[in-house]
Q: 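Sharing a structure below in structure tokens format, with a few things to ask.
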2 protein chains.
Amino acid sequence: MSMQRVCLSPESLKGDFEPMVGLFKALADPHRLAILSALAREDGEVCVCDFTAGLPLNQPTVSHHLKILRDCGLVTSERRGTWVYYQLAPDARQRLADALDAVVPLGVLA
Amino acid sequence: MSMQRVCLSPESLKGDFEPMVGLFKALADPHRLAILSALAREDGEVCVCDFTAGLPLNQPTVSHHLKILRDCGLVTSERRGTWVYYQLAPDARQRLADALDAVVPLGVLA
DNA sequence: TGTGGTTATTGACATTCTTCGATATACGCC
DNA sequence: GGCGTATATCGAAGAATGTCAATAACCACA
């Protein structure tokens with residue numbers, strides 16, 4: 001009989017990580033990180049035309065990335081006249097930090 | 001001529017986010033999050049056999065995910081006899097927190 | 001209403017990723 | 001050395017993702 005060590009209880013692998021995966025997937029693209037970083041640095045509204053101008057991507061692709069960020073709630077958008085302005089969602093940083101902490105908590109407590 | 005507002009300097013989109021993308025890509029899968037979470041909760045070594053036992057994946061797939069986590073430095077592995085034990089890298093939490101902060105800094109300073 | 005400019009959506013294609021079976025490698029033991 | 005077990009690698013199939021051209025939707029203005 002094999003003296004197999006018990007290193008880990010099987011329930012430890014059974015958590016539901018889908019909500020966090022959605023956020024991390026949104027971060028798993030360099031152009032979306034550039035968009036988020038610009039929004040965070042600006043700390044205000046940025047119109048789509050600036051993204052299409054500053055990114056090496058065509059307009060539909062930029063729109064696609066913005067939609068992904070919108071769908072997971074990391075950014076908000078508001079149309080004002082002809083232009084659409086995007087902002088970092090107020091709780092974006094907190095939600096990302098919380099998601100990270102839910103996976104690899106910094107707290108030393110059990 | 002169109003009175004186009006200047007919302008954003010074009011250089012704001014030009015950062016290099018490749019190092020962070022690698023980390024976030026590693027987090028963009030529920031099974032890898034389960035592995036990382038288990039390693040973080042255990043705060044010690046976990047042998048591969050426990051992952052293959054606890055995850056709904058075949059052994060080659062588990063090995064593949066572990067390799068991805070190893071390649072980006074979030075986990076370390078050590079063979080001891082027949083078994084291979086994985087650990088969360090000592091700086092894993094810090095590197096992830098730093099990557100997040102590099103994109104959407106929490107600090108209010110410019 | 002029509003025209004021009006901005007953003008969103010659709011459909012298609014190429015690439016990447018996840019998963020698996022088959023196989024190889026590494027180790028302990030007889 | 002030979003055998004059994006644990007882990008890694010290879011190669012391929014299917015799904016998901018990034019990208020673009022074409023087009024639609026929306027808005028301001030004449």
Side-chain angles (χ1 to χ4, degrees), chain A residues 1-8 13 17-18 21-36 39 45-72 74-87, chain B residues 1-8 13 17-18 21-36 39 45-72 74-87:
Chain A
M1 60 198 69
S2 69
M3 262 286 294
Q4 183 160 311
R5 276 195 48 190
V6 176
C7 322
L8 188 67
L13 278 308
F17 297 98
E18 289 305 332
V21 166
L23 287 180
F24 292 134
K25 275 190 178 172
L27 301 184
D29 178 278
H31 299 128
R32 287 198 292 271
L33 288 189
I35 291 173
L36 285 176
L39 289 173
E45 299 175 321
V46 176
C47 76
V48 178
C49 60
D50 287 330
F51 291 128
T52 62
L55 291 172
L57 298 172
N58 285 19
Q59 179 267 321
T61 305
V62 171
S63 198
H64 169 70
H65 286 306
L66 288 172
K67 176 176 171 53
I68 288 177
L69 293 173
R70 228 181 327 123
D71 286 348
C72 70
L74 287 178
V75 307
T76 60
S77 66
E78 180 195 347
R79 161 157 252 143
R80 203 149 58 239
T82 304
W83 291 276
V84 176
Y85 297 87
Y86 278 76
Q87 275 198 90
Chain B
M1 62 196 65
S2 67
M3 263 286 294
Q4 183 161 311
R5 277 195 46 191
V6 176
C7 322
L8 187 67
L13 278 309
F17 297 98
E18 289 306 332
V21 166
L23 286 180
F24 293 134
K25 274 192 174 159
L27 300 184
D29 177 278
H31 299 127
R32 287 198 291 272
L33 288 189
I35 290 173
L36 285 176
L39 288 175
E45 298 175 322
V46 175
C47 74
V48 177
C49 61
D50 288 330
F51 292 129
T52 62
L55 291 172
L57 299 171
N58 285 19
Q59 179 267 321
T61 305
V62 171
S63 197
H64 169 70
H65 286 305
L66 288 172
K67 175 176 172 52
I68 289 176
L69 294 173
R70 229 183 324 125
D71 285 349
C72 69
L74 287 178
V75 307
T76 60
S77 66
E78 180 194 348
R79 163 157 250 140
R80 204 147 59 239
T82 305
W83 292 276
V84 176
Y85 297 87
Y86 278 76
Q87 276 198 88

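Residue numbering restarts at 1 for every chain, and letters A, B, ... go by the order of the sequence lines. What you see below is based on every heavy atom in this structure, not just the backbone, and it leaves out hydrogens, waters and symmetry mates. Everything quoted here is computed from the prediction, not taken from an experiment.
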Q: Please determine, for the side chain of Ile68(B), which listed nucleotide (dT19(C), dT18(C), dG18(D)) has the closest atom?
A: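 Ranking dT19(C), dT18(C), dG18(D) by closest atom to the Ile68(B) side chain puts dT18(C) first.
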Q: Is Lys25(B) near enough to dC17(C) that one of its side-chain N or O atoms lies under 4.0 angstrom from OP1 or OP2?
A: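 For dC17(C), OP1/OP2 do have a side-chain N/O of Lys25(B) under 4.0 Å.
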Q: Can you tell me if Arg32(B) touches the phosphate of dT18(C), counting only side-chain N or O atoms and a distance under 4.0 Å to OP1 or OP2?
A: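 Result: yes.
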Q: Counting heavy atoms from C-beta on, name the nucleotide in dT19(C), dT7(C), dA8(D) closest to the side chain of Arg79(A).
A: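 The nucleotide sitting nearest to the side chain is dT7(C).
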Q: With a cut-off of less than 4.0 Å, is there a side-chain N or O of Thr82(A) near OP1 or OP2 of dT6(C)?
A: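 No.
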Q: If the cut-off is 4.0 Å, is Thr61(A) near the phosphate of dT19(D), judged by side-chain N/O to OP1 or OP2?
A: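 Negative; the distance criterion is not met.
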Q: Give a yes or no on whether a donor-acceptor pair under 3.5 Å exists between the nucleobase atoms of dA8(C), that is its base, and the side chain of Gln59(A).
A: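 Present.
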Q: Would you say Tyr86(B) places a side-chain N or O within less than 4.0 Å of OP1 or OP2 belonging to dA8(D)?
A: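 For dA8(D), OP1/OP2 do have a side-chain N/O of Tyr86(B) under 4.0 Å.
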Q: With a 4.0 Å cutoff (strictly under), does any side-chain N or O of His31(A) reach OP1 or OP2 of dT19(D)?
A: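 For dT19(D), OP1/OP2 do have a side-chain N/O of His31(A) under 4.0 Å.
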Q: Tell me whether the OP1 or OP2 atom of dT17(D) has a side-chain N or O from His65(A) closer than 4.0 Å.
A: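 Answer is no, no contact under 4.0 Å.
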Q: Cys49(B) side chain: which of dT7(D), dT6(C), dT9(C) is closest?
A: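 Of the options given, the side chain of Cys49(B) lies nearest dT7(D).
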Q: Return no unless some side-chain N or O of His64(A) is found under 4.0 Å from OP1 or OP2 of dT17(D).
A: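 Answer is no, no contact under 4.0 Å.
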Q: Classify the ring geometry between Phe51(A) and Tyr86(A) as parallel (under 30°), tilted (30 to 60°) or perpendicular (over 60°).
A: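 Taking Tyr86(A) first and then Phe51(A), their aromatic rings stand perpendicular (interplane angle over 60°).
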Q: Describe the nucleic acid contact of Leu55(B) in one word from base, sugar-phosphate, nothing, applying a heavy-atom distance below 4.0 Å.
A: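 Answer is nothing: Leu55(B) stays at 4.0 Å or more from every strand.
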Q: If you only use heavy atoms from C-beta on, which nucleotide in dA8(D), dT9(D), dT19(D) is closest to the side chain of Val48(B)?
A: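 Looking only at heavy atoms from C-beta outward on Val48(B), the closest nucleotide is dA8(D).
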Q: Evaluate the ring planes of Phe24(A) and Phe24(B), with Trp represented by its six-membered ring, and classify them as parallel (under 30°), tilted (30 to 60°) or perpendicular (over 60°).
A: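 Aromatic pair Phe24(A)/Phe24(B) classed parallel.
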